[in-house]
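Some notes on the structure that comes next.
We're numbering straight along the sequence, starting at 1.
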Amino acid sequence: MSDTTSRPDERLLAALRERLGERLSTAAAVREQHGRDESWHPSQPPDAVAFPDSTEEVAWIVRQCAEARVPVIPFGTGTAIEGHVAAVQGGVCLDLSRMDRILQVNAEDMDATVEAGVTRKRLNAHLRDTGLFFPIDPGADASLGGMAATRASGTNAVRYGTMRENVLSLRVVLPDGRVIRTARRARKSAAGYDLTHLFVGSEGTLGVITEVTLRLHGIPEAISAAVCPFDDLESAVRTVVQTIQAGVPVARVELLDAVTVRAVAAYAKLDMAAAPTLFLEFHGSPAGVEEQAATVQALAAENGGRDFAWATRAEERSRLWEARHNTLYALLAARPGTRAFTTDVCVPISRLAECVAATRRDLDKSVFGRDGGVAGVVGHVGDGNFHVAMLIDPDNPDEVAAAERINERMVRRALDMDGTCTGEHGIGLGKLRHLTEEHGADAVAVMRAIKRGLDPQGLMNPGKLGSA
C-alpha cells in the first residue's frame, strides 16, 4: 500500500452511512462484484461501495475520502477488460449507476448532456424520434461516463471516430472535491489547455466524471450490412486495407477469424461457414450505399472473397451485429468453465495483415491451438485494431503463462510496427507495464507529473495510470 493512503476507518464509514443510508454497502458480495471487471484478473474488492445520485454527492464523498486519505475508485457498468476497477489499495468504490438522467438534448446543435451512469443504448432509445443517434458502440452496453474515462471506440469508429472525437465537454469532480466543467458546447475552442481530452482516457485516475456532453450524428437515410467469408485472414485484411485506401466511407468493417465464426454461429444459431469473415455496414443515401457496397464487393472478389450475404432489413442487421457483439460470450460457451484472457493492439493498416496472421500462427502453435483449446481473433480492422480472446483455466499455470507469452509477443510486434499496446481496451492493470516501452521514460514521467499535480495524495484509482 502507498504510504499516503489509508483504509476507511469507522469514523469515515459512519459519516458515509449517515449521508447515504442503504446506498453505502460493505457486504462481501457487493464489494467482490465491484472489485473486478469482465477480464481474467482476480477481484480486488474495495472496502465499501457508495451509490451517489448527484454530482454534489460525489463531491461530498470525495472530500470525505480526501480528508481521510482513502482511495476512490469510480465504477460504471464493470464491462472493462483490463482490470480497470480493481481496488489495489482498498478504499471506496463510487458506483455511478444511479446517476442516469439525460439532462439535455439540443437537437439543432446535434449534442446531448447526460449523467455518467446513462448507458449508450438508453441514450439512443431516448434519441429515436429526433433523427439523431450516438454512434460509439464498444459492444457492451457500457455507461457513457465509463466510455469517456476509457476512451472507448468500437465497431463504428472507422467512420465516426472514438470517444475522443465525440466528447465535447465533461463535468468532473477533482481529487480534492472541487467540481469543474472542462469546456462549453461550442464545437471548437482555442481557450486554454484542452482539459476535456485530458480526462477522456484517464481511467478514473485524475477525477470522477459525472456528466458528459456528447456529439450526436444524423441517422443515415440508408443502411445496408453484409458478411463475406474468405479463404484466409490475409485476404480478408487486404480487402479492408484496399477499401480504406480507396476512400470508401464504410461505417463498420469487422473481422472474425474461423475459430470465432464457428463459435458465433453455434451461439447465435447462424448459418455461417467457419472461415475468416468480414462483417460490413454501409451508411448514407441509397445511391451512396449502393456505390460503396459495389466497390467493396469488387475488392473482396479480387481477394478471393466468396458470396456476400446481405442484410438490409433492420431486424436482420440487428441480429447480425448482436452476434458480432456477443463474440466473447460465444467463445466462452465453446469452452465452459474458463475465463477470457483478452488483449488488443493497433497498428498502421499497412501492417495489419502481417500482424494478424503472425498472431494467429502464435495461437495455433500454442496450447490454444490444440484439442480443447480455444482462442479467437476479432478486429475493428478498418482502423488497424484487433483483439484476441484466449480461454484459460485461471488455476492452470501453463495456460496463464502461454496467454501471457502470446500477449507479450503481440505487444512487441505491434510496437515494432509503430503501433500501440492497446487501441481500445485501455491500460488498467493488464497493460501498465507496457507504457514505458511504448512512450519512453520521459513521456511517462510527464504522465506521472500530471497525476501528482491533480492528485498529490494518489487517491484516485491508485496503482493505475500515473501511479507506476
Side-chain angles (χ1 to χ4, degrees), residues 32-33 35-43 78-83 86 138-141 155 227 229 232-233 236 254-277 279 319-345 356-381 385-411 422 424-425 428-431:
E32 184 78 12
Q33 174 193 351
R36 72 173 311 144
D37 51 24
E38 292 193 358
S39 70
W40 69 279
H41 296 283
S43 178
T79 54
I81 44 182
E82 288 290 355
D141 189 21
T155 57
V227 295
D232 54 72
L233 284 168
E254 299 287 295
L255 170 68
L256 279 63
D257 73 349
V259 171
T260 307
V261 171
R262 183 182 299 112
V264 165
Y267 187 79
K269 297 179 173 53
L270 296 175
D271 183 15
M272 297 179 66
T277 301
F279 284 48
R319 188 179 181 211
L320 182 67
W321 289 110
E322 187 71 15
R324 160 61 188 90
H325 287 324
N326 285 333
T327 52
L328 179 59
Y329 305 112
L331 288 165
L332 287 167
R335 193 184 175 198
T338 58
R339 299 283 299 176
F341 186 121
T342 54
T343 186
D344 79 314
V345 295
V356 171
T359 299
R360 186 66 256 180
R361 286 194 295 271
D362 283 349
L363 293 168
D364 291 340
K365 292 175 185 175
S366 75
V367 63
F368 305 108
R370 300 172 196 154
D371 287 345
V374 177
V377 176
V378 180
H380 306 314
V381 286
N385 180 209
F386 71 97
H387 310 252
V388 172
M390 296 168 276
L391 302 197
I392 62 169
D393 175 357
D395 298 322
N396 184 326
D398 292 337
E399 291 186 3
V400 174
E404 289 177 338
R405 284 195 300 271
I406 289 171
N407 181 43
E408 291 290 325
R409 286 175 61 84
M410 276 183 66
V411 168
T422 175
E424 183 172 64
H425 291 182
L429 291 176
K431 294 290 179 71

Legend entry - Pairing of Asp232 and Arg360 as salt bridge, 4.0 angstrom limit: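 Salt bridge: no.
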Inset, instruction - Using a strict 4.0 Å threshold on nitrogen-to-oxygen distance, state whether Glu399 and Arg335 make a salt bridge. - result: yes
Between [X] and [Y], which heavy-atom pair has the shortest distance, and what is it?
X	Y	result
Leu331	Ala263	CD2-CB, 4.0 Å
Ala323	Leu270	CB-CD1, 3.6 Å
Leu363	Ala375	CD2-CB, 3.8 Å
Leu233	Pro276	N-CG, 3.8 Å

Donor-acceptor under 3.5 Å ([X] side chain, [Y] main chain):
X	Y	value
Asp37	Gly83	yes
Thr277	Ala275	yes
Thr343	Val388	no
Asp344	Glu424	yes
Arg36	His41	yes

Inset, instruction - Show your working on side chain to side chain contact (heavy atoms under 4.5 Å, CB included) between Glu32 and Ser43 and close with a plain yes or no. - result: CA-CA 6 Å; Glu32 184 78 12; Ser43 178; 3.2 Å; yes
Let me confirm one number: the [atom1]-[atom2] distance from [X] to [Y], rounded to the nearest 0.5 Å.
X	Y	atom1	atom2	answer
Met390	Arg339	CE	CZ	14.0 Å
Thr79	Asp141	OG1	CG	8.5 Å
Trp40	Glu404	CH2	CD	5.0 Å
Phe341	Asn407	CZ	CG	4.5 Å
Arg409	Arg361	CZ	CZ	9.5 Å
Trp321	Thr155	CH2	OG1	6.0 Å

Inset, instruction - Begin with the C-alpha distance, continue with both residues' side-chain angles, and end with the deciding distance and a verdict on side chain to side chain contact (heavy atoms under 4.5 Å, CB included) for Phe386 and Thr359. - result: CA-CA 10 Å; Phe386 71 97; Thr359 299; 3.6 Å; yes
Legend entry - Check: Asp257/Thr260 side-chain N/O donor and acceptor closer than 3.5 Å: yes
Inset, instruction - Would you tell me whether Thr338 and Asp393 have side-chain atoms, one donor and one acceptor, within less than 3.5 Å of each other? - result: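 Distance-only check fails for Thr338 and Asp393.
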Inset, instruction - Would you sort out whether Val259 and Val377 count as a side chain to side chain contact (heavy atoms under 4.5 Å, CB included), showing the intermediate values? - result: CA-CA 8 Å; Val259 171; Val377 176; over 6 Å; no
Inset, instruction - Could you give me the CA-CA distance, side-chain angles and deciding distance for Arg262 and Tyr267, then say whether side chain to side chain contact (heavy atoms under 4.5 Å, CB included) is met? - result: CA-CA 9 Å; Arg262 183 182 299 112; Tyr267 187 79; over 6 Å; no
Inset, instruction - Indicate the ring-plane relationship of His425 and His387, choosing parallel, tilted or perpendicular according to the 30° and 60° boundaries. - result: tilted
Inset, instruction - Indicate yes or no: at least one non-hydrogen side-chain atom of Val381 is less than 4.5 angstrom from one of Asn385. - result: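 Val381 does not reach Asn385 side chain to side chain.
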Legend entry - Min side-chain heavy-atom separation Thr342-Glu38 under 4.5 Å: no
